[in-house]
Amino acid sequence: MLKTIVIYVVGCVLLLGGVALMVGTGYIAVSLGVESPVPAIGGSDLTAFMEFFRQLTFIRMFAVAAIGFSAICFWAGSQLTPAQQTSFLGLLVGVFAVMGAMAVAQQVAIWNRGTGWALVGVLCALLLTSLAAVVYEKATRRRLASA
């Protein structure tokens with residue numbers, strides 16, 4: 001039962017994060033350090049606008065991927081057997097470890113903003129939640145096997 005709850009919690013966090021990214025795309029981009037283009041009076045800098053909107057497009061694609069991944073979590077929580085859920089949580093640990101490492105690298109190399117650390121924190125929290133469920137499952141299984 002704990003595994004199902006963890007999978008649903010991870011799905012909810014991904015869903016809420018994806019929706020927040022979708023709704024606040026421009027604000028999030030600016031808070032990560034992407035400069036919003038401010039056109040000069042009587043002129044326009046098409047290159048600056050295109051660069052800004054490329055960043056927004058990437059954030060929106062990431063948001064849609066998070067929402068899609070949340071749908072996979074909701075499906076997995078309701079359809080997988082307990083053994084398959086353990087395997088799925090192991091997969092989540094790997095996915096969030098890679099995503100967290102990439103976010104840390106991005107934060108240190110490029111963003112260097114509080115919003116970047118917030119994203120790193122959320123990914124690390126998802127990693128630790130998934131990992132805790134896997135470790136708890138293994139410890140419980142060992143304790144039951146030795147009894």
Side-chain angles (χ1 to χ4, degrees), residues 1-38 46-147:
M1 187 65 176
L2 173 71
K3 294 181 288 191
T4 304
I5 293 170
V6 168
I7 291 171
Y8 284 139
V9 166
V10 169
C12 287
V13 170
L14 288 169
L15 178 63
L16 292 173
V19 169
L21 286 172
M22 206 55 131
V23 171
T25 305
Y27 172 77
I28 292 167
V30 170
S31 69
L32 286 172
V34 178
E35 292 189 27
S36 180
V38 180
L46 186 58
T47 305
F49 275 114
M50 291 305 294
E51 189 59 36
F52 181 70
F53 286 105
R54 281 189 192 106
Q55 296 293 330
L56 296 185
T57 302
F58 176 78
I59 293 170
R60 288 184 184 131
M61 286 181 8
F62 189 82
V64 169
I67 292 169
F69 199 44
S70 75
I72 293 170
C73 288
F74 292 133
W75 175 85
S78 66
Q79 299 296 313
L80 297 181
T81 66
Q84 291 170 328
Q85 286 181 344
T86 301
S87 177
F88 183 70
L89 283 167
L91 175 68
L92 289 179
V93 168
V95 166
F96 291 129
V98 170
M99 289 177 71
M102 181 56 73
V104 167
Q106 184 77 8
Q107 168 64 9
V108 171
I110 297 172
W111 297 332
N112 198 23
R113 304 282 176 132
T115 304
W117 286 120
L119 178 61
V120 168
V122 168
L123 291 172
C124 288
L126 291 171
L127 166 66
L128 293 174
T129 302
S130 302
L131 182 60
V134 170
V135 168
Y136 178 79
E137 172 67 22
K138 301 282 184 188
T140 304
R141 193 177 314 155
R142 280 191 191 139
R143 188 171 27 140
L144 290 176
S146 67

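- Going from atom CZ of F62 over to atom CD1 of I28 covers 10.5 Å, rounded to the nearest 0.5 Å.
- Here the shortest heavy-atom pairing between A63 and L21 reads CB-CB, 3.6 Å.
- Within the 4.5 Å cutoff, the side chain of L126 has heavy atoms near those of the L14 side chain.
- Ring orientation note: the planes of F88 and F69 are tilted relative to one another, at an angle of 30° to 60°.
- Taking both residues in full, the closest heavy atoms of I67 and V19 are given as CD1-N, 4.0 Å, listed atom of the first, atom of the second, then distance.
- A distance-only check finds no donor-acceptor pair linking the side chain of S87 to the backbone of A83 [under 3.5 Å].
- Between the CG atom of L2 and the CD atom of E137 there is a distance of 8.5 Å, given to the nearest 0.5 Å.
- A distance of 12.5 Å separates CD1 in I5 from OG1 in T129, rounded to the nearest 0.5 Å.
- With rounding to the nearest 0.5 angstrom, the CE atom of M50 is 8.0 Å from the OG1 atom of T57.
- With rounding to the nearest 0.5 Å, the separation of NZ in K3 from OG1 in T81 is 7.5 Å.
- Shortest non-hydrogen contact noted between G90 and V134 is N-CG2, 3.8 Å.
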Exercise for the section: Assess whether side chain to side chain contact (heavy atoms under 4.5 Å, CB included) is satisfied between C124 and F96, documenting all intermediate values. Expected result: CA-CA 7 Å; C124 288; F96 291 129; over 6 Å; no
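- Between atom CG of residue L32 and atom CZ of residue R113 there is a gap of 8.0 Å, rounded to the nearest 0.5 Å.
- Taking both residues in full, the closest heavy atoms of G18 and A66 are given as CA-CB, 4.1 Å, listed atom of the first, atom of the second, then distance.
- The shortest heavy-atom contact between W111 and G116 is CE3-CA, 3.6 Å.
- Heavy atoms only, all atoms of each residue included: G77 and T4 are closest at O-CG2, 3.5 Å.
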